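Given the structure is predicted, the values throughout are model-derived calculations rather than measurements. In what follows, every heavy atom counts, from backbone to side chain, and hydrogens, waters and symmetry copies are set aside.
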Amino acid sequence: MIEPNPKADLLRYLQEARDALLWKLDGLSEYDVRRPLTPTGTNLLGLVKHVASMELGYFGDTFGRPFFGEEPPPWWYTESAEPESDMWATADESREEIVGLYRQAWEHSNGTIATLALDATGHVPWWPEERREVTLHHILVRVISETQRHAGHADIVRELIDGAVGYAQGNDNMPPGDGAWRESHRSRLERAARKASGREDSEDSTDAGPDGFNGDGD
């Protein structure tokens with residue numbers, strides 16, 4: 001019988017999300033990791049910077065283990081930072097600096113997770129007073145959720161840049177098919193959308209995709 005280990009399970013899923021997010025930067029130019037791909041400015045390096053700051057805040061300050069000393073960066077929540085300043089990298093902030101900060105955040109967070117029990121309490125300083133008190137378990141679940149959410153954003157941004165897709169390094173979790181099949185599949189979806197909306201140029205399609213793909217990444 002397998003002995004339950006909730007903390008190890010949570011840490012495993014957190015690390016999977018961390019790795020998936022960083023993987024989306026692999027092989028891209030300095031320009032491509034920074035350029036905004038949505039009207040709201042979503043970009044890959046900014047996502048990494050944001051998630052690094054999120055981990056350092058939730059697993060650091062919340063549990064009395066601040067990462068930054070007396071001089072936090074200007075985009076930190078305690079400073080008078082401009083809106084969205086943790087969501088993009090300035091020209092003076094290198095990719096190595098931001099990715100390195102994220103890896104340091106992992107170590108700092110993992111130290112908190114290893115040291116404290118899941119029911120240990122902390123206080124999120126930037127939350128409203130009435131709900132600032134939290135447990136480590138609560139924060140782990142929240143950070144996993146947020147990291148997976150932003151890894152999903154990174155999936156889409158990377159596909160928009162160069163068409164690269166995949167669930168994780170070594171496990172793309174994609175149905176079989178080459179570029180021609182994918183274009184045919186996309187065209188099929190476009191026709192279905194047009195037909196559902198009553199557009200005059202819609203046509204039905206009987207193109208079939210591969211069977212057996214369930215979309216489960218685990």
Side-chain angles (χ1 to χ4, degrees), residues 10-11 13-63 65-69 71-113 122-128 132 134 136 138-161 164 166-169:
L10 291 165
L11 187 56
Y13 280 102
L14 175 58
Q15 190 60 51
E16 284 184 0
R18 291 163 166 170
D19 292 337
L21 176 56
L22 273 191
W23 178 51
K24 293 301 175 178
L25 277 64
D26 283 3
L28 292 179
S29 69
E30 200 67 37
Y31 171 67
D32 281 335
V33 297
R34 296 166 181 269
R35 63 180 173 123
L37 268 295
T38 70
T40 56
T42 305
N43 63 96
L44 290 173
L45 197 57
L47 289 172
V48 174
K49 182 179 177 181
H50 172 69
V51 175
S53 68
M54 179 182 65
E55 281 212 26
L56 290 173
Y58 278 128
F59 291 117
D61 294 29
T62 295
F63 294 99
R65 300 184 69 244
F67 178 81
F68 296 111
E71 296 184 3
W75 46 263
W76 191 238
Y77 77 94
T78 59
E79 307 303 292
S80 299
E82 65 176 271
E84 302 280 299
S85 58
D86 68 331
M87 295 291 291
W88 63 286
T90 69
D92 295 328
E93 292 176 312
S94 70
R95 182 200 312 218
E96 292 74 21
E97 177 184 350
I98 291 175
V99 170
L101 177 65
Y102 191 29
R103 292 189 182 280
Q104 287 179 289
W106 297 1
E107 294 181 12
H108 196 74
S109 300
N110 290 353
T112 299
I113 295 165
H123 296 82
V124 183
W126 59 92
W127 282 10
R132 283 184 182 176
V134 292
L136 177 62
H138 178 159
I139 292 302
L140 263 165
V141 172
R142 183 179 185 89
V143 173
I144 292 168
S145 173
E146 286 290 313
T147 307
Q148 289 286 12
R149 176 172 179 256
H150 292 308
H153 294 154
D155 277 338
I156 296 169
V157 170
R158 180 62 190 259
E159 187 172 0
L160 290 172
I161 291 171
Y167 174 77
Q169 190 168 19

Say whether, by atom type as modelled, one donor and one acceptor occur between the side chain of R149 and the main chain of I144 under 3.5 angstrom. no
Inter-residue atom distance R65.CZ - L56.CG, 0.5 Å rounding: 10.5 Å
With heavy-atom distances below 4.5 Å as the criterion, would you say the side chains of L22 and W106 are in contact? yes
Side chains of I161 and L28: closer than 4.5 Å at any heavy-atom pair? yes
According to the interplanar angle, ranging from 0 to 90°, do the rings of H150 and H50 count as parallel (below 30°), tilted (30 to 60°) or perpendicular (above 60°)? perpendicular
Where the side chain of R132 meets the backbone of W127, is there a donor-acceptor pair that is under 3.5 Å apart? yes
To the nearest 0.5 Å, how far apart are CG in L47 and CE in M87? 5.5 Å
Test: R158 and D155 ion pair at under 4.0 Å: no
Has T62 got a side-chain atom pairing as donor or acceptor with F59's backbone, closer than 3.5 angstrom? no
Determine the interplanar angle of the W126 and Y58 rings, folded into 0 to 90°, and report it as parallel if under 30°, tilted if 30 to 60°, perpendicular if over 60°. tilted
Using modelled atom types only, decide if a donor and an acceptor are shared between the side chain of S109 and the backbone of A105 within a distance under 3.5 Å. yes
I'd like to check R35 versus L44 (side-chain heavy atoms, cut-off strictly below 4.5 Å). Are they in contact? no
Please walk me through it: do D86 and Y77 pass side chain to side chain donor-acceptor pair (under 3.5 Å)? CA-CA 9 Å; D86 68 331; Y77 77 94; over 6 Å; no
Taking the side chain as every heavy atom from C-beta outward, state whether E30 and R34 have any pair of such atoms under 4.5 Å apart. yes
Does any non-hydrogen side-chain atom of P72 lie less than 4.5 Å from one of E79? yes
Quick check for you: to the nearest 0.5 Å, what is the distance between T42 atom OG1 and L160 atom CG? 10.0 Å
Residue pair E97 / S94: nearest heavy atoms and the distance that separates them: N-OG, 2.9 Å
4.5 Å side-chain heavy-atom contact, V143 and E55: yes
N/O donor-acceptor pair under 3.5 Å between S85 side chain and E82 backbone: yes
If we ignore hydrogens and angles and just use 3.5 Å, is the side chain of E107 paired with the main-chain N or O of Q104 as donor and acceptor? no
Side chains of T147 and L14, heavy atoms from C-beta outward: is any pair under 4.5 Å? yes
